[in-house]
Engineer: 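Quick one: structure below, then a few questions.
Each chain gets a letter, A, B and so on, in the order the sequences are listed, and its residues count up from 1. Every value quoted in this text rests on a predicted model; they were computed, and no experiment measured them.
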Amino acid sequence: MTWRAPSDAPIALDATLGSGQVFHWKKDVEGIWHGLVGDVPLRVRERGGRLLAEPGRGGLARRYFSLDHPLEEIYARFPVDRASIEALEMCRGLRMIRQPRWECLATFITSSMKKVAHIRAMSTALRLKYGTPVAGSDIRAYPSPEALAAASEQGIRECGLGYRSGNLLLTARRIADGLTDLDALAALPTPDLRRALEGLPGVGVKVANCALLFAYERLDAVPIDVWIRRVLLTMRNGRSGTPSQFARYARLRLGPYAGYVQQYLFHRARTGL
DNA sequence: CGCCAGGGTCTCG
DNA sequence: CGAGACCATGGC
């Protein structure tokens, strides 16, 4: 099997798949990453700072890993404070992943007050219990809104979701019933899209920003979790404030690709130093 | 045992 | 709008 590079664009694959954007990819002993894009199995690896994909999957991989994003232009707009510079040096090549919209929104509804390892465990349990098998992969597809809408809250709770179970169920029902169309929302300008997302159960400011950044290509959206809040607190020399003040500070300070900067800062903060 | 985790919602000023 | 209480779970 000859693997091909779908693009000459550089990528840091381990950082990209290990930075808390997606929670279902696994790296084997040979360094090959196994995952799914929706219900399509994909295997990729990195060589010489470039992405290699299986034959016939180049286009899918190029889009999923956003190899079209202009990293050099993004880096030219990076802030020049100490934390951002160190994050860029540590994470150079990290790319935002273009995620399926429901899968992204649902996993971040389950993410509140949970560690990354727990989010992965809940995602795995939900896929096992409610997802459909995928030929050629040992990972099941993320359960559809319809599959979860047909489940019981207790059944979902048994996947370890705790109080998040009700919110996931309610939002799944709203989408399965056709009251909200996540794909149609993509046509909206960001402020309207944000409002629509925040109207869904379990979706507040932070989760909406995750969906905006990871599933709607709004690269200026900045999810502010406890890690990023600490980073911003240091940038502000310890000066605290309200959530809206931190959001405003991040928007002004992190620039036009604030979402990208945020992801680099998050990965640096979480993986040490 | 206490503490923390990619928070949201509701209530009360 | 802002602050506080409450909401489950699991690892350390």
Engineer: Shoot me the first and last contacting nucleotide of DNA chain C against chain A, ordered 5' to 3', at under 4.0 angstrom to non-hydrogen atoms.
Structural biologist: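 For DNA chain C, the relevant span reads C:dG2 to C:dG11.
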Engineer: Under 4.0 Å between a Lys/Arg side-chain N and an Asp/Glu carboxylate O for A:R157 and A:E153?
Structural biologist: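 A:E153 and A:R157: salt-bridged.
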Engineer: Can you run down the side chain to side chain donor-acceptor pair (under 3.5 Å) pairs that involve residues 170-197 of chain A, sequence neighbours left out, and say none if there aren't any?
Structural biologist: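 Passing the test, one end in residues 170-197 of chain A: A:R101-A:D183, A:T190-A:R218, A:D192-A:R195, A:R194-A:N209.
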Engineer: Please encode protein proximity along nucleotides 3-13 of chain B as a string of B, S and -, counting only heavy-atom distances under 4.0 Å.
Structural biologist: -BBBBSS----
Engineer: Give me the residues of residues 139-160 of chain A where at least one heavy atom lies under 4.0 Å from an atom of DNA chain C, by number, or none.
Structural biologist: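 A:R157, A:G160 - these, ordered by number, are the residues of the stretch whose heavy atoms sit under 4.0 Å from the strand.
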Engineer: Would you mind writing out the side-chain donor-acceptor pairs for residues 113-124 of chain A within the sub-3.5 Å range, not counting sequence neighbours?
Structural biologist:
residue	atom	partner	partner atom	Å
A:S123	OG	A:R127	NE	3.3
A:T124	OG1	A:R120	O	2.9

Engineer: Distance between the C1' atoms of B:dG6 and C:dG2, in whole angstroms?
Structural biologist: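 Each nucleotide's C1' atom is 23 Å from the other's.
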Engineer: Report which part of the nucleic acid A:S244 touches: base, sugar-phosphate, or nothing (heavy-atom distance under 4.0 Å, all strands).
Structural biologist: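 Counting heavy atoms under 4.0 Å across all strands, the contact made by A:S244 is with sugar-phosphate only.
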Engineer: Of all residues at least two apart in sequence or in a different chain, which pass the ring pair (Phe, Tyr, Trp, His ring centres under 6.0 Å) check with A:Y260?
Structural biologist: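 With sequence neighbours excluded, A:Y260 shows a ring pair (Phe, Tyr, Trp, His ring centres under 6.0 Å) to A:H69, given in chain and number order.
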Engineer: Restricting to side-chain hydrogen bond (donor to acceptor under 3.5 Å, both in side chains), what partner residues turn up for A:Q21, sequence neighbours left out?
Structural biologist: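 Testing A:Q21 for side-chain hydrogen bond (donor to acceptor under 3.5 Å, both in side chains), a comparison that skips the adjacent residues, returns A:S19.
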Engineer: Show me the side-chain donor-acceptor pairs of residues 250-257 of chain A shorter than 3.5 Å, one per line, residues at least two apart or across chains.
Structural biologist:
residue	atom	partner	partner atom	Å
A:R253	NH1	A:Y249	OH	2.6
A:Y257	OH	A:E73	OE2	2.8

Engineer: For A:D138, check side-chain hydrogen bond (donor to acceptor under 3.5 Å, both in side chains) against everything at least two apart and list the hits.
Structural biologist: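 Residues passing side-chain hydrogen bond (donor to acceptor under 3.5 Å, both in side chains) with A:D138: none at all.
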Engineer: Give every residue pair that meets the ring-ring contact (aromatic ring centres under 6.0 Å, His included) criterion with at least one member in residues 166-219 of chain A, sequence neighbours excluded.
Structural biologist: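 For residues 166-219 of chain A: A:F108-A:F214.
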Engineer: Could you work out the separation of B:dC4 and C:dA8 based on their C1' atoms and round it to a whole Å?
Structural biologist: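 Straight-line distance between the two C1' atoms is 14 Å.
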Engineer: I'd like to check the ring pair (Phe, Tyr, Trp, His ring centres under 6.0 Å) partners of A:W25; sequence neighbours left out, ordered by chain and number.
Structural biologist: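 Once residues adjacent in sequence are excluded, the partners of A:W25 under the ring pair (Phe, Tyr, Trp, His ring centres under 6.0 Å) criterion are A:Y64, A:F65.
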Engineer: Which pairs of donor and acceptor atoms, one on a side chain in residues 220-231 of chain A, lie under 3.5 Å apart (sequence neighbours left out)?
Structural biologist:
residue	atom	partner	partner atom	Å
A:D225	OD1	A:W227	N	3.4
A:D225	OD1	A:I228	N	3.0
A:R229	NH2	A:G241	O	3.3

